[in-house]
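No experiment lies behind these values; they were computed from the predicted model shown.
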Amino acid sequence: MPPISQPLRKLGFLTIGLFDGADPGRGHESTLGIIELGEQLGFDSAWVRHRHLQYGISSPVAVLAAASQRTRRIELGTAVIPLGWENPLRLAEDLATVDILLGGRLNPGVSVGPPMHYDQVKEALYPDTAEVEDFGYERVRRLLDFVRGTSATDFSGVEGFEVFSDRVQPHSPGLGRRMWYGGGSLRSAQWAGEHGMNFLTSSVVKAEESEDFADIQLSHIRAFRAHHPDGDRARVSQGLVVIPTDSASPEQRAKYTAYVEKRTPRTVTPQGPARMMFAPDIVGTSAEIAERLHAHAAFQEVDEVAFALPFSFEHDDYVQILTDIATRLGPALGWRAAT
């Protein structure tokens, strides 16, 4: 097995939180149960995806507020909130509130760009301002300012019986250092570094200077740290899809293998006009997965991961996968469970 420069320090996982439209409560309860299990297994973090007008978590902040009442230690994050759907001021209030409830355990991840299927949704989302909305980095900068305590208004003080603040309340002092940017391009990596954010790099990148996924991801990590005030100490979390089979049943192994085989063709060449590259899903025993990760150029640069759970599996599958990650794969990567 190739040597690595450092053991894995933080182990997390990411779930999309799927649900049945006819019974959404069951799916949301399953997601909360998975987060609770993650804490019991010693994971350092649990992250939820963000989906609008789909059968996945549409309000991750609300879900994490519920999780705040069921956990005591595990860090909770969003990977990621697309800011095109959000008002930065209101989102800053929600994030700070949940961080207070969590006792400083929130890790908000965000991204930029127009909402998916914008032409079809813009009249519902921004009926009066659809053509002038700014979906670029300025939206992130506004959110960062509000979270970090910059004034949102020139008015404060007492009016009648009410007291007003000129900055977002509640203010959570450490939250500004726990803001993450989910990026897949060199420009995003550099921007996140310049603005003192943490960097989430996932299983999707833009093929700008290469068509080798690991090399592209490595270049993003290095560009981010080169522009970050903390340099090589700047936090990066890698999010690949890994599916350990150590304790899986024969039926589960067959399902997992079929899932990966179906998704593999898209990883061979860049996809679409944006030339997106997808990382191959990694399925096998924990020893086999660890060997492949140790040989992954970008993995060698990080000491934090948030492995992504496959989209469409059952609750029992996620329990098996998370248990194998925590008890077998994590230790094979040098990780020690939190207590």
Phe313 vs Tyr256, test: ring pair (Phe, Tyr, Trp, His ring centres under 6.0 Å). Steps then yes/no.
CA-CA 9 Å; Phe313 290 0; Tyr256 300 165; 5.0 Å; yes
Are Tyr259 and Phe311 close enough that their ring centres sit under 6.0 Å apart?
no
Could you go through Phe307 and Trp47, starting from their C-alpha distance and side-chain angles, then the distance that decides it, and tell me whether this counts as side-chain contact (heavy atoms from CB on, under 4.5 Å)?
CA-CA 9 Å; Phe307 291 134; Trp47 304 71; over 6 Å; no
Does a donor on one side chain sit under 3.5 Å from an acceptor on the other, for Ser156 and Asp166?
no
Hphob cluster co-occupancy, Ile321 + Val260, side-chain heavy atoms under 4.5 angstrom:
yes
Tell me whether the rings of Tyr137 and Tyr181 are parallel (<30°), tilted (30 to 60°) or perpendicular (>60°).
tilted
Distance-only criterion, 3.5 Å: show the donor-acceptor pairs between side-chain atoms of residues 71-89 and protein atoms not counting sequence neighbours.
residue: Thr71; atom: OG1; partner: Ala67; partner atom: O; Å: 2.9
residue: Thr71; atom: OG1; partner: Arg105; partner atom: NH1; Å: 3.0
residue: Thr71; atom: OG1; partner: Arg105; partner atom: NH2; Å: 3.4
residue: Arg73; atom: NH1; partner: Phe43; partner atom: O; Å: 2.9
residue: Arg73; atom: NH2; partner: Glu39; partner atom: O; Å: 3.0
residue: Arg73; atom: NH2; partner: Phe43; partner atom: O; Å: 3.0
residue: Glu75; atom: OE1; partner: Asn107; partner atom: ND2; Å: 2.9
residue: Thr78; atom: OG1; partner: Gly109; partner atom: N; Å: 2.8
residue: Thr78; atom: OG1; partner: Gly109; partner atom: O; Å: 3.0
residue: Asn87; atom: OD1; partner: Leu89; partner atom: N; Å: 2.9
residue: Asn87; atom: OD1; partner: Arg90; partner atom: N; Å: 3.1

Any luck finding a side-chain donor-acceptor pair between Gln238 and Thr201 under 3.5 Å?
no
Check step by step if side-chain contact (heavy atoms from CB on, under 4.5 Å) holds for Leu144 and His195.
CA-CA 9 Å; Leu144 288 176; His195 290 79; 4.2 Å; yes
If you look only at pairs with a residue in residues 138-153, which of them pass as a salt bridge (Lys or Arg N to Asp or Glu O under 4.0 Å), with sequence neighbours excluded?
Glu133-Arg139, Glu138-Arg141, Arg141-Asp145
Step through it carefully: locate the ring centre of Phe155, locate the ring centre of Phe164, and say whether they are under 6.0 Å apart.
yes
Side-chain donor-acceptor pair under 3.5 Å between Ser247 and Asp324, yes or no?
yes
In terms of side-chain heavy atoms, does Ser188 have a donor or acceptor partner in Ser185 at a distance below 3.5 Å?
yes
Go through it in stages, so that I can follow the logic: the residues are Arg187 and Glu194, the test is salt bridge (charged side-chain N to carboxylate O under 4.0 Å, His left out), and I'd like the CA-CA distance, side-chain angles, deciding distance and then a yes or no.
CA-CA 11 Å; Arg187 185 184 176 208; Glu194 291 171 344; over 6 Å; no
Would you please classify the geometry between the Phe224 ring and the Phe199 ring as parallel, tilted or perpendicular, with 30° and 60° separating the classes?
parallel
